[in-house]
Protein chains: 2
Amino acid sequence: MSFGKYIRKQREALKSKDRRFSVRQVAQRIGVEPAYLSKIERGDVAPPSEAKIRALADELGEDADVLLAMAGKVSSDLQAIIRKRPQLFADLIRQLKSVPDHALLRIARDVRDGDW
Amino acid sequence: MSFGKYIRKQREALKSKDRRFSVRQVAQRIGVEPAYLSKIERGDVAPPSEAKIRALADELGEDADVLLAMAGKVSSDLQAIIRKRPQLFADLIRQLKSVPDHALLRIARDVRDGDW
DNA sequence: TAATATGTGTAGTATATAGTACACATGTCA
DNA sequence: TGACATGTGTACTATATACTACACATATTA
């Protein structure tokens with residue numbers, strides 16, 4: 001699903017329980033014009049900046065990294081981590097491309113536990 | 001060192017052995033105007049697009065991921081890998097932020113060998 | 001039913017990105 | 001010493017990014 005459609009779906013779901021989730025009110029809370037949020041949700045314009053996507057994720061209780069991915073972006077903090085050691089991270093991430101989810105979770109767990 | 005200064009240094013080094021590495025000739029081979037490459041090397045303009053950086057890396061025998069990092073960019077193929085599984089990769093990369101080089105190399109090796 | 005809220009159409013703006021085109025002074029070498 | 005090559009200054013350009021501002025018709029609510 002597209003970024004816009006997904007946002008609309010999630011916002012409408014929240015709106016059905018709480019009328020503070022109208023386009024206008026959400027737009028105001030995340031700091032954009034209502035017409036702009038409306039256009040984003042309908043795919044009339046490209047997804048907004050990383051900062052606005054983060055505000056939206058916060059507002060809608062969504063995962064920022066997932067919304068950024070839907071918007072075709074990668075979080076700037078992740079990019080900064082990669083840029084500090086480009087060869088190591090580039091090699092590793094390309095290696096991990098075809099590694100199944102459960103194995104990635106296991107690596108993350110092992111690293112967290114210091115088992116490396 | 002900045003992207004521009006680094007490129008200039010590497011190109012000049014090659015030029016001292018082979019006069020085909022002049023600004024003009026390298027510019028022609030990577031498909032940009034000489035004045036533009038000159039400005040890039042002096043930091044007069046921002047680094048070029050990913051495609052031109054890759055051509056430059058190829059031409060100068062440099063690692064594209066390293067040059068992209070110096071230019072403040074992350075390879076689009078890596079971004080695509082992350083965007084396909086944003087939560088898993090975001091968590092993992094943030095975990096790996098403070099992991100030392102030798103441990104990253106070991107993880108890469110273990111993954112390559114199927115030890116996971 | 002009057003006031004208020006809602007979603008959206010149209011038009012426009014500022015800044016960044018990614019360059020080109022041409023001219024010109026200086027340097028090289030045949 | 002004349003032709004060609006070299007690096008660079010100046011002036012543009014096209015497209016993308018990231019929005020704002022205002023107006024208007026339609027709902028909703030008091």
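All chains are named by letter (A, B, ...) in the order of the sequence lines, taking the proteins before the strands, and each is independently numbered beginning at 1. In this text, all values refer to a predicted model and were calculated from it rather than measured experimentally.
- Identified under the salt bridge (charged side-chain N to carboxylate O under 4.0 Å, His left out) test for residues 21-37 of chain A, with sequence neighbours left out: A:Arg29-A:Glu59.
- Interface limits on DNA chain C: the 5'-most and 3'-most nucleotides within less than 4.0 Å of chain A heavy atoms are C:dT6 to C:dA11.
- Close to D:dG7, at under 4.0 Å from its OP1 or OP2, lies a side-chain N or O of B:Lys15.
- The stretch residues 47-69 of chain A has no heavy atom under 4.0 angstrom from DNA chain C at all.
- Applying the salt bridge (Lys or Arg N to Asp or Glu O under 4.0 Å) test to B:Arg42 and every residue at least two apart in sequence or in another chain returns nothing.
- Not counting sequence neighbours, the partners of B:Ser76 by the side-chain hydrogen bond (donor to acceptor under 3.5 Å, both in side chains) test are B:Glu50.
- By the side chain to side chain contact (heavy atoms under 4.5 Å, CB included) test, A:Ala27 is found to be paired with A:Val32, A:Pro34, A:Leu37, residues two or more places apart in sequence or in another chain being considered.
- Listed by first and then second residue, the salt bridge (charged side-chain N to carboxylate O under 4.0 Å, His left out) pairs involving residues 93-102 of chain A are A:Arg94-B:Asp65, A:Arg94-B:Asp77, A:Asp101-B:Arg85 (not counting sequence neighbours).
- A close approach under 4.0 Å does occur between a side-chain nitrogen or oxygen of A:Lys73 and OP1 or OP2 of D:dA18.
- Residues forming a side-chain hydrogen bond (donor to acceptor under 3.5 Å, both in side chains) with A:Arg83 (at least two apart in sequence, or on another chain): none.
- Sorted by residue number, the members of residues 17-43 of chain A with any non-hydrogen atom under 4.0 Å from DNA chain C read A:Ser22, A:Val23, A:Arg24, A:Gln25, A:Pro34, A:Ala35, A:Ser38, A:Lys39, A:Arg42.
- Under the rule for a side chain to side chain contact (heavy atoms under 4.5 Å, CB included), the partners of B:Gln95 that lie at least two apart in sequence or sit in another chain are A:Val111, A:Arg112.
- Results of the side-chain contact (heavy atoms from CB on, under 4.5 Å) test with B:Ile93 over A:Leu96, A:Val74, A:Ile81, A:Leu92 single out A:Ile81 as the only residue that passes.
- Residues satisfying the side-chain hydrogen bond (donor to acceptor under 3.5 Å, both in side chains) criterion with B:Glu41, sequence neighbours excluded, are B:Arg8, B:Arg11.
- Not a single side-chain hydrogen bond (donor to acceptor under 3.5 Å, both in side chains) links A:Tyr36 to another residue, sequence neighbours left out.
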